[in-house]
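Whatever order the structure lists ligands and atoms in, that order sets their numbers, starting from 1. Values below: every heavy atom of this structure, side chains too, minus hydrogens, waters and symmetry copies.
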Amino acid sequence: MSEYNFNQIEKKWQRYWEENQTFKARANDNKPKYYALDMFPYPSGAGLHVGHPLGYIASDIVSRYKRTKGYNVLHPMGFDAFGLPAEQYAIQTGQHPAITTEQNIQRYVEQLKNIGFSYDWEREVRTSDPSYYKWTQWIFMQLFNCYYNYTSDKAEPVAALIKEFEQNGNRNVKAACDDDTPAFSAAEWQAKSELQKSELLLKYRLTYVAEAVVNWCPALGTVLANDEVKDGLSERGGYPVERKRMRQWMMRITAYAERLLQGLEDIDWPEPVKEMQRNWIGKSVGAELEFAVEGSQQKIEVFTTRIDTIFGVSFVVLAPEHELVKQITTDAQRQQVEEYVTVAKNRSERERMTDVKTVSGVFTGAYAINPISGDKVQIWIADYVLAGYGTGAVMAVPGHDTRDYAFAKYFNLPIPQVVEGGNLAEEAHAAKEGIIINSGFLNGLEVKTAIKAGIARAEELGVGRGKVNYRMRDAVFSRQRYWGEPVPVYFKDGIPHLIKESELPLELPKIDAYLPTETGEPPLGRAVDWKYDNQYEYELSTMPGWAGSSWYWYRYMDPRNDAAFADPEAVNYWRNVDLYIGGSEHATGHLLYSRFWNKFMYDLGLVPEQEPFKKLINQGMIQGRSNFVFRVKDSNTYVSFGLKDKYDTTALHVDVNIVENDVLDIDAFKNWRPENADAEFVLEDGKYNVGMEIEKMSKSKYNVVNPDDLVERMGADTLRMYEMFLGPLEQFKPWNTNGMDGVHKFLRKYWRLFHDNDGNFTVSEEAPTAAELKSLHKTIKKVEEDIERFSFNTSVSSFMICVNELTQLKTNKRAILEPLTIILSPYAPHITEEVWQQLGHAQSISEAIFPAWKEEYLTENTFEYPVSVNGKVRAKLTFAVDAPREEMEKMVLTDEQVTRFLDGKSPKKIIIVPNKIINVVV
Ligand code: ANZ
């Protein structure tokens, strides 16, 4: 073989790896483990475009590199296979979503295999496979059977909680539970009915059913999680989302709020992702304070982070949904209040939080008493106060708080002075920290001290206490859909019961259509004869998309185990993920839920590490590079880019696959669509230049580039290196197929190093020169340092420089080319396997050891002098750069080549130009 026949080489090695199970991972105590994981994809019908493999290529390079560094690498791939698109397609076509999913997965696998990833394919998992979701259901059951004990600060069995209730009631229990959990004694507990006990226990369980205000999407017929709603629309499909009260399965993620926050300190993740999680968790340290309602027994509890501003309270605001609103509103204000409540209800929480411009609210007619100053203030309702946060009520301090200030201005409410030296609210905002309070016992204190003093006083008076609040809410876990995991629960007399563990998996039943029933039940309501023990209703909603992805990295450790989610030995060996690569869009969804489930599994002793993903990298998105043609209005004439302004034209997207270097292939364009067949063109220099713009890669913009086509044209190794060459992994960058040529030429050049002019593979066994060693060793050093800091684009440049240097040096020495081949192999695995074999190795190059670079070769300490005799170069001699002159002269005069041309005469002069040339004058 003489030509670089990449198609043939790549197919050959892909087959070899598969047949020889080259990348099969086995636990091995003699080697350190390394777990490199890609966020597994949802197999969509459109297949992969060139943007998808970017992260996969990076993690594959690291995996292959780590193998050559002596690590035992686990590098798996699988599919997040439940989800809406397959179900939407099923609704349209009647085809079972399992069939579509299977087809899409096959296509994905084929595309991935084409790129030569070193996955251990035998470990592939699919979340929609019953043998997989059996364990998703199993984890759900463990959550149902546990509550969160704040005393031990971990999840513990509900069975132990019941024992405690029987003996002492819930007096001594410090646990995560619903806000409305009543206090009860042992006797009261024992007097309760089974149903009442069950309802009480649901207030503690880590997964529970409860009435909740949820994001209901009528068009999709399902509830969505907060992170699946963007600006009031569903993330998938962009349909309107409403607020609705429904009975739902919930996950008590709030129990883990503090640990989820603290755990961020221990992981090497991008700071923006950590920050998003911190904001999502939204810890705030403050106080709860009771305001009495004048002329009533009722008390309004507010949550405040600034109890130090208590003397500046000028009114109290309740959320429109607050339960006291009805009771305290005076008759005179009732109609206005009711109207306002109706309007506010239809605005989403997000909208209310982010809308800072519109000021709206209504006076209830009632008054509250400031528990510390004794002042009487008005009670208002306004939708800037959220029902679901804190206590759903605030003490308004317009002297300090922007929203309170805007509200007070608008409704002409008092703006009391609380800051020494003036009552200008703007100044007060600007001051923020270190404000001196000019009020009562707080006078002269700094903010932090004043807060402490305020809480102490409130506690003394019995009107308040310190309180930590988290903005995060429990996660809704029900979806009124078909294509998800069934919840392993049935209902008996209104009480939810788990099915037996031995009955797992609870498989999805067959149904006749993938739509809600006539009575509005979820699709599972259509299943015929689907009852537990032939009589009890199963839960009809299914689990959300994030259930299966919240623990999948463990299944890869032991994917076919039928007796456990994974064998403990395997779990204790692989532990957690060393490198996780995926998109940043999962910051507050998947990446938070996974940490939650992981911590729960850790509490149960099922897994050895608190955090699932040690290091996270978010790969940037590859954007599309769209091309445009310009059609003259009301005609079928297209003008070239440079002439478009002379005509009245419309820019139209044109398929990027019929454009090269921004020049349109006119024949291909005529064939692209029937209406183009008789198109006419106004050209520039005989060419049609197209317009260009960077946009999201999408079918509708005709800018999708398919990796398969590129692999076919230039090979997977070129594609892999080019994707890395585009720029830093984390960066967003546009795709431009044109640049691929350069990388392809580089690989051809590398290939040529091993071949003589007749195309025969040949390497020399000669010892390398200093220049060759230097070129190699600086590349080894650079590439190693680059991979260790996940900088791949810079490595590609180094390879190019090295191959150029070696080409110039006409190197074909094994001692140089063999190590070069090893360090190139993570990037271009196929071509290097081929060369490796030709170099005479029987094992895959993935068994080779990454060469060590040597400092001594990096500095230039010798120089190869051309030696001329009377102006004609007759020999080449290498000297240390600091060699003494006499020694050099002696060597020159004894060199055989030189003496031949001296004709026995002794030279008149020897001129030595350091590091340049030696000239012998006879
Ligand atoms: C008085 C005060 C004075 C406040 C001041 C702030 C500044 P974070 O930090 O986000 O927790 N608040 C409390 N519950 C609320 C609710 N349900 N909806 C809207 N706002 C609410 O914010 C806590 C602060 O937000 C609380 O402290 C309260 O206003 C307001 F100079 O009380 B503060």
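If you run side-chain hydrogen bond (donor to acceptor under 3.5 Å, both in side chains) between Asp603 and each of Lys154, Gln610, Arg259, only Arg259 comes through. The ring pair (Phe, Tyr, Trp, His ring centres under 6.0 Å) test with Phe477 singles out one residue from Trp546, Tyr593, Phe596, and that residue is Trp546.
Looking at Gln333 and Thr330, their side chains never bring a donor and an acceptor atom within 3.5 Å of each other. Side-chain N/O atoms of Asp404 and Tyr384 include a donor and acceptor closer than 3.5 Å. With hydrogens and angles left out, the side-chain atoms of Tyr340 and Ser360 include a donor and acceptor closer than 3.5 Å. In this structure, a donor-acceptor pair under 3.5 Å is absent between the side chains of Gln480 and Ser478. Between the side chains of Thr254 and Asp474, a donor-acceptor pair is found at a separation under 3.5 Å.
Residue contact check: Thr309 has heavy atoms under 4.0 Å from atoms 3 (C) of ligand 1. Under a 4.0 Å criterion applied to the non-hydrogen atoms of Ser284, ligand 1 contributes the atoms 8 (P), 9 (O), 11 (O). Those atoms of ligand 1 with a heavy atom of Val397 less than 4.0 angstrom away are 1 (C), 3 (C). Residue-ligand proximity, Met395 to ligand 1, at heavy-atom distances under 4.0 Å covers atoms 1 (C), 32 (O). Residue Val385 has at least one heavy-atom neighbour below 4.0 Å for each of these atoms of ligand 1: 16 (C), 17 (N), 18 (N), 19 (C). Residue Arg471 approaches ligand 1 through these ligand atoms, each under 4.0 Å from one of its heavy atoms: 8 (P), 10 (O).
Taking the centre of each ring, Phe407 and Phe315 come in below the 6.0 Å mark. Residues Tyr148 and Tyr256 place their aromatic rings such that the two centres sit under 6.0 Å apart.
The nearest protein atom to atom 14 (N) of ligand 1, hydrogens excluded, is given as Val394 CG1, 3.5 Å; this is a heavy-atom distance. In terms of protein heavy-atom proximity, atom 31 (F) of ligand 1 is closest to His400 CB, 2.7 Å. Among all protein heavy atoms, the one lying closest to atom 25 (O) of ligand 1 is Arg403 NH2, 4.1 Å.
Across Tyr470, Tyr384, Phe303, heavy-atom proximity to atom 19 (C) of ligand 1 is greatest for Tyr384. When the heavy atoms of Leu386, Thr304, Val313 are ranked by distance to atom 2 (C) of ligand 1, first place goes to Thr304.
Annotation: Gln262, atom CD; neighbour count of heavy atoms from other residues, nucleotides and ligands within 6.0 Å is above 12.
The shortest N/O to N/O separation between Asp401 and ligand 1 does not fall below 3.5 Å. An N or O contact shorter than 3.5 Å is missing between Arg306 and ligand 1 by distance. Polar contact check, Tyr389 against ligand 1: a nitrogen or oxygen pair lies under 3.5 Å apart. Taking distance alone, with nitrogen or oxygen atoms compared against 3.5 Å, Thr305 approaches ligand 1 more closely than that limit.
Atom 8 (P) of ligand 1 is approached by the protein to below 4.0 angstrom, counting heavy atoms only.
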